[in-house]
Amino acid sequence: MWEFIRDYPLHPCIVRRLQDTGFYMIIEIGRLQFDWALITSMIERWRSETHTFHLPIGEDTIMLEDVEVLFGLSVDGLPVTYPLALRDYRGVHYLHMLQRLTSFQPTEPTVLSKASHLQLTPVRQHMVAIDAEITDDSPPEDMDRHTRLLLLLMFGGVQFPNTSKNLVSLRFLHHLERLDDLPGYNWGAAVLGYMYR
């Protein structure tokens, strides 16, 4: 996501749309530079049985308020859950939902992983191709499609990353259907829970 934003600055209409969803602060923060020595030291002090860091000054843990302050994500509202009706969804179902919500249909069937995860590289390539199409006169539907694709990049690359650094769960598509509803969800708890998982 960071390379895309660096190479293709966001159109002001997309920025406003992201601000409306409550996720723009992630972009304002930008890519964080890691202090690997500090991370290694903290990992050595982590106790998974208590979910705390054992420090010379006492125990500490990452809390919901930390996620709210650091990322500006809502810690109030509806839980980010996976609807029962979608539990039987498989790859083809998610691809149809993806196409309906974003007008993006991957050409290669191998972009799916584990039946519900999509590789981010084709999403980014598609966004590069359509970026020039976003103008002040673009219809709201096009703005929403572009915003949904950007949120998928954000979810897979920043908020809910995986070890491959190139997959996003398409289970989030359900929440991206109505962008105006996104601020009503407790995204802070979802990010914190994912981190502990």
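If you read the sequence from its start, that first residue is 1, and numbering goes on from there.
- Linking Ile, Leu, Val, Met, Phe, Trp and Tyr whenever their side-chain heavy atoms come within less than 4.5 Å puts Val80 and Met25 in one cluster.
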side-chain contact (heavy atoms from CB on, under 4.5 Å) between Gln19 and Arg16, intermediate numbers included: CA-CA 5 Å; Gln19 288 170 333; Arg16 279 192 299 278; 4.0 Å; yes

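- One hydrophobic cluster holds both Ile29 and Ile27 under the rule that ILVMFWY side chains link at heavy-atom gaps under 4.5 Å.
- Looking at residues two or more places apart in sequence or on another chain, you find a salt bridge (Lys or Arg N to Asp or Glu O under 4.0 Å) between Arg31 and Glu3.
- Both Val191 and Trp46 belong to a single network of hydrophobic side chains, linked directly or stepwise wherever heavy atoms of I, L, V, M, F, W or Y lie under 4.5 Å apart.
- A distance of 5.5 Å separates CG of Leu176 from CG of Leu151, quoted to the nearest 0.5 Å.
- With rounding to the nearest 0.5 angstrom, the CE atom of Met154 is 4.5 Å from the CE atom of Met1.
- Every residue two or more places apart in sequence or in another chain that forms a side chain to side chain contact (heavy atoms under 4.5 Å, CB included) with Leu38 is listed here: Asp35, Met42.
- Between the side chain of Ser116 and the backbone N or O of Arg171 there is no donor-acceptor pair closer than 3.5 Å.
- At distances below 3.5 Å, at least one donor-acceptor pair connects side-chain atoms of Thr40 with backbone N or O atoms of Trp36.
- For His93, the ring pair (Phe, Tyr, Trp, His ring centres under 6.0 Å) criterion is met by Tyr89, not counting sequence neighbours.
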Only distances under 3.5 Å count here; give the side-chain donor-acceptor pairs of residues 63-75 to other protein atoms, sequence neighbours excluded, each with its distance to 0.1 Å.
from  : atom 1 : to    : atom 2 : distance (Å)
Asp66 : OD2    : Met63 : N      : 2.7
Ser74 : OG     : Asp76 : N      : 3.3
Ser74 : OG     : Asp76 : O      : 2.8

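- A 4.5 Å side-chain heavy-atom check between Gln119 and Leu167 finds at least one atom pair inside the cut-off.
- Taking the side chain as every heavy atom from C-beta outward, Leu95 and Gln105 approach each other to under 4.5 Å.
- Proximity of Pro122 to Thr107: side-chain heavy atoms (C-beta onward) are nowhere separated by under 4.5 Å.
- Within the structure, every pair that satisfies the side-chain hydrogen bond (donor to acceptor under 3.5 Å, both in side chains) test and touches residues 144-154, not counting sequence neighbours, is listed here: Arg17-Asp144, Ser103-Arg145, Asp142-Arg145.
- At a threshold of 4.5 Å between non-hydrogen side-chain atoms, the residues Val123 and Leu153 count as touching.
- Screening residues 123-143 for ring-ring contact (aromatic ring centres under 6.0 Å, His included), with sequence neighbours left out, gives Phe104-His126.
- Between the CD1 atom of Ile5 and the CG atom of Leu10 there is a distance of 5.0 Å, given to the nearest 0.5 Å.
- Remark: Leu18 CG to Glu28 CD distance equals 10.5 Å, nearest 0.5 Å.
- For the pair Leu179/Met143, no side-chain contact is recorded, criterion being any heavy-atom separation below 4.5 Å from C-beta on.
- How far NE2 of His54 is from CD1 of Ile57: 13.0 Å, rounded to the nearest 0.5 Å.
- Applying the salt bridge (Lys or Arg N to Asp or Glu O under 4.0 Å) test to Arg100 and every residue at least two apart in sequence or in another chain returns Glu177.
- Contacts classified as ring-ring contact (aromatic ring centres under 6.0 Å, His included) and involving residues 148-176 (residues at least two apart or in different chains) are given here: Phe23-Phe155, Phe155-Phe160, Phe155-Phe172, Phe155-Trp187, Phe160-Phe172, Phe160-Tyr194, His175-Tyr185, His175-Trp187.
- Under the 4.5 Å side-chain criterion, counting only non-hydrogen atoms from C-beta, Met127 is in contact with Phe4.
- With sequence neighbours excluded, no residue forms a salt bridge (Lys or Arg N to Asp or Glu O under 4.0 Å) with Asp131.
- Considering only residues two or more places apart in sequence or on other chains, Glu59 meets the salt bridge (Lys or Arg N to Asp or Glu O under 4.0 Å) condition with none of them.
- The line from CG of Leu86 to CG of Leu173 is 9.5 Å long, rounded to the nearest 0.5 Å.
- By the side chain to side chain contact (heavy atoms under 4.5 Å, CB included) test, Thr121 is found to be paired with Gln125, Asn166, residues two or more places apart in sequence or in another chain being considered.
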Taking distance alone, no hydrogens or angles, what donor-acceptor pairs closer than 3.5 Å link side-chain atoms of residues 133-140 to residues at least two apart or in another chain?
from   : atom 1 : to     : atom 2 : distance (Å)
Thr135 : OG1    : Asp137 : N      : 3.2
Thr135 : OG1    : Ser138 : N      : 3.4
Thr135 : OG1    : Ser138 : OG     : 3.4
Asp136 : OD1    : His11  : NE2    : 3.1
Ser138 : OG     : Glu133 : O      : 3.1
Ser138 : OG     : Thr135 : N      : 2.8
Ser138 : OG     : Thr135 : O      : 3.2

